[in-house]
Amino acid sequence: MANVAIRSVNKYYGAFHALKEINIDIADGDFVVLVGPSGCGKSTLLRMIAGLEDISSGEVEIGGQVINDLLPQERDIAMVFQNYALYPHMTVAENMSFALRLARVPKPERDAKVTRAAAILGLENLLDRRPAQLSGGQRQRVAMGRAIVRDPQVFLFDEPLSNLDAKLRVQMRAEIKELHERLGTTTIYVTHDQIEAMTMADRIVVMQNGEVAQVGAPLDLYDLPRKKFVAGFIGSPAMNFLSGHAKAGHFLTSDGIELPLGPNAAVEGDDLSYGIRPEHLRLGDSGVPMHVTVVEPTGAETQVLGRIGEQPVVCAFRERLDIRPGAVIHVLPDEDKLHIFGKDGHRLN
Ligand SMILES: Nc1ncnc2c1ncn2[C@@H]1O[C@H](COP(=O)(O)OP(=O)(O)OP(=O)(O)O)[C@@H](O)[C@H]1O
Ligand SMILES: [Mg+2]
C-alpha cells in the first residue's frame with residue numbers, strides 16, 4: 001500500500017493542453033474518485049499514473065518514489081478498464097494468473113493467489129470457463145480478480161461498471177467498496193456517474209476542462225460546492241439555478257420574481273445564480289409561485305417540474321402529492337441551504 005502524490009502535472013497532446021497543473025494528494029488506503037464530464041481528462045490522468053501515457057510536466061509519486069520514468073510494469077499498480085480487456089482464449093483462472101506468470105511467480109504461489117481472489121469474488125465455480133461464457137458482471141469480477149492477485153500498491157479503475165445494466169452496477173458498486181474495506185489498497189476510481197462518486201468515495205476530485213474544480217468528501221461537496229459547476233454536477237436531480245441580481249437584502253430573478261435570501265442578505269451583485277437543490281424547496285400555502293408542467297412520482301418522493309417566472313425548476317417532495325400539470329403551487333426555499341454564485345461561477349455565500 002502507498003500514498004499517491006500528483007504534483008503540478010500537465011499533459012499536452014501537441015498544442016492541446018489536456019491537463020492543467022493537477023495537484024492531488026491521496027493518502028495511503030484512500031478511495032478517491034475522479035469525476036467529471038466526458039473529455040475533462042479523467043482517463044488521461046489515470047493512464048499517466050499507470051504509465052500508459054507520458055507526463056508532459058510535473059511529478060507523480062507513489063509511496064514516496066517519483067515514478068515518472070518507471071515502466072508500467074515497474075510501478076506496482078493494477079488497472080481495471082471499462083471493457084475488462086480479458087483474453088478471450090484463456091480460462092478465468094488463466095486470465096487471473098497471467099500477469100503472475102509473466103512475472104515468473106512459481107505455480108503453487110500463483111494457484112494460491114488465484115484461489116484466494118476467486119473466493120473473495122465468488123468466482124470459484126467459474127475458473128474453467130472462458131470470458132465468452134460469462135455474464136457482464138462475472139467478466140467484471142474476473143477483471144478485478146486479475147488486479148487483486150497482483151496485490152499491488154495502488155488500484156486504478158477506469159469506469160469499470162459502465163458496461164453493466166443499472167441493477168448490476170449498484171451491486172458491483174457495493175462489491176468494489178467492500179473489497180476496498182477488506183484489502184485497504186489505495187484506489188483511484190474514474191467515473192462520470194456522480195452517484196457512483198458519492199457512494200463510493202472517501203474523497204471526490206471533480207474535474208472540469210482538464211482542471212481540478214474541487215476536492216472534498218462527498219457530503220462536503222454536496223453541502224458547500226465552491227463553484228457553480230460542482231454544485232450542478234453533484235446531486236440528483238441537479239441543483240436549480242435561477243439567474244438574477246441581489247441588492248439591499250433582496251434577490252430578484254431576471255423575470256422580476258423575489259426570492260428570499262435569509263442569512264445571505266449581505267450578498268449583492270448582478271448576473272448572479274441563486275442555487276437551491278430540489279430537496280430544499282418546500283411546499284407552502286404562500287411563497288414563490290411555481291407553474292407546474294410535469295409531475296413524476298418515483299415512489300419514494302414526488303418530483304415536480306415547472307417554472308418560476310420563465311426559469312425551469314425541479315422540486316423533490318417527500319410526500320405523495322396530488323399536484324396536476326397546469327397547477328400553480330407555492331414553494332419556500334430553505335434559506336439555510338442556498339448557494340449563491342457570481343458571474344464567474346464562484347460561490348459568494
Ligand atoms: N491520444 C490523444 N491525442 C489527442 N487528444 C487526446 C488523446 N487522448 C485524449 N485526448 C483528449 O484529451 C481530453 C481528455 O480525454 P480523456 O480521455 O482523458 O477524457 P475523459 O475525462 O476520460 O472522458 P470520458 O468520460 O469520455 O472517458 C479529450 O479532449 C480528448 O479528446
Ligand atoms: Mg475516460
Side-chain angles (χ1 to χ4, degrees), residues 4-24 26 31-60 62 67-69 71-72 75 77-86 136 139-140 143-144 146-147 154-166 168-170 172-173 176 186-201 203-216 218 221 225 227-236 238 345:
V4 178
I6 297 164
R7 302 235 166 84
S8 299
V9 160
N10 287 277
K11 177 67 183 178
Y12 290 91
Y13 289 112
F16 177 60
H17 200 175
L19 288 173
K20 302 162 193 162
E21 286 293 308
I22 305 291
N23 284 288
I24 307 171
I26 299 169
F31 195 112
V32 167
V33 174
L34 305 181
V35 72
S38 190
C40 71
K42 306 177 296 292
S43 295
T44 301
L45 184 56
L46 210 64
R47 292 169 58 80
M48 285 161 83
I49 298 168
L52 303 173
E53 203 68 78
D54 61 61
I55 298 168
S56 305
S57 72
E59 279 180 356
V60 177
I62 296 179
I67 54 148
N68 289 42
D69 297 326
L71 294 169
R75 295 187 183 200
I77 276 173
M79 184 150 168
V80 178
F81 297 90
Q82 174 174 3
N83 59 9
Y84 322 140
L86 300 177
R139 275 179 221 164
Q140 217 292 323
M144 289 204 304
R146 218 169 36 173
V154 180
F155 282 132
L156 304 178
F157 290 94
D158 194 354
E159 309 221 25
L161 307 185
S162 55
N163 286 338
L164 305 179
D165 66 47
L168 199 50
R169 223 156 54 206
V170 173
M172 291 303 299
R173 192 161 91 194
I176 292 177
T186 310
T187 300
I188 308 176
Y189 186 103
V190 164
T191 179
H192 57 250
D193 181 331
Q194 58 94 18
I195 306 260
E196 237 169 79
M198 288 296 282
T199 52
M200 298 179 88
R203 282 195 313 146
I204 297 178
V205 177
V206 183
M207 295 179 62
Q208 177 191 22
N209 297 329
E211 291 182 87
V212 173
Q214 192 172 347
V215 181
L221 294 189
K227 292 182 178 173
K228 184 179 172 186
F229 171 78
V230 176
F233 197 80
I234 300 287
S236 175

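Note that ligands are numbered from 1 as they come in the structure, with each ligand's atoms numbered from 1 the same way. Since we're looking at a predicted model, the values are computed, not measured.
Contact shell of ligand 1 (protein heavy atoms, cutoff 4.0 Å): Y13, F16, A18, P37, S38, G39, C40, G41, K42, S43, T44, E159, H192.
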For this session: Starting from the C-alpha separation in whole Å, work towards a yes-or-no answer on side-chain contact (heavy atoms from CB on, under 4.5 Å) for K227 and V206.
Result: CA-CA 11 Å; K227 292 182 178 173; V206 183; over 6 Å; no

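Around the Mg ion (ligand 2), protein atoms of type N, O or S found under 2.8 Å number 1.
D165 is linked by a salt bridge (charged side-chain N to carboxylate O under 4.0 Å, His left out) to nothing, counting only residues two or more places apart in sequence or in another chain. Annotation: side chain to side chain contact (heavy atoms under 4.5 Å, CB included) contacts of Y12 (sequence neighbours excluded): N10, H17, S56.
When all heavy atoms of V80 and A147 are compared, the pair lying nearest together is CG2-CB, 3.8 Å. Counting all heavy atoms, side chain and backbone alike, N68 lies closest to E59 at OD1-CA, 3.5 Å.
The backbone N or O of E159 lies less than 3.5 Å from no partner atom in the side chain of K42, so there is not a single donor-acceptor pair.
Partner of V154 under the side chain to side chain contact (heavy atoms under 4.5 Å, CB included) criterion, chosen from I77, I49, I67, I26: I77.
By the 30° and 60° cut-offs, the orientation of the rings of F157 relative to F155 is tilted.
Here CZ of F233 is found 13.0 Å from CD of Q214. Values are rounded to the nearest 0.5 Å.
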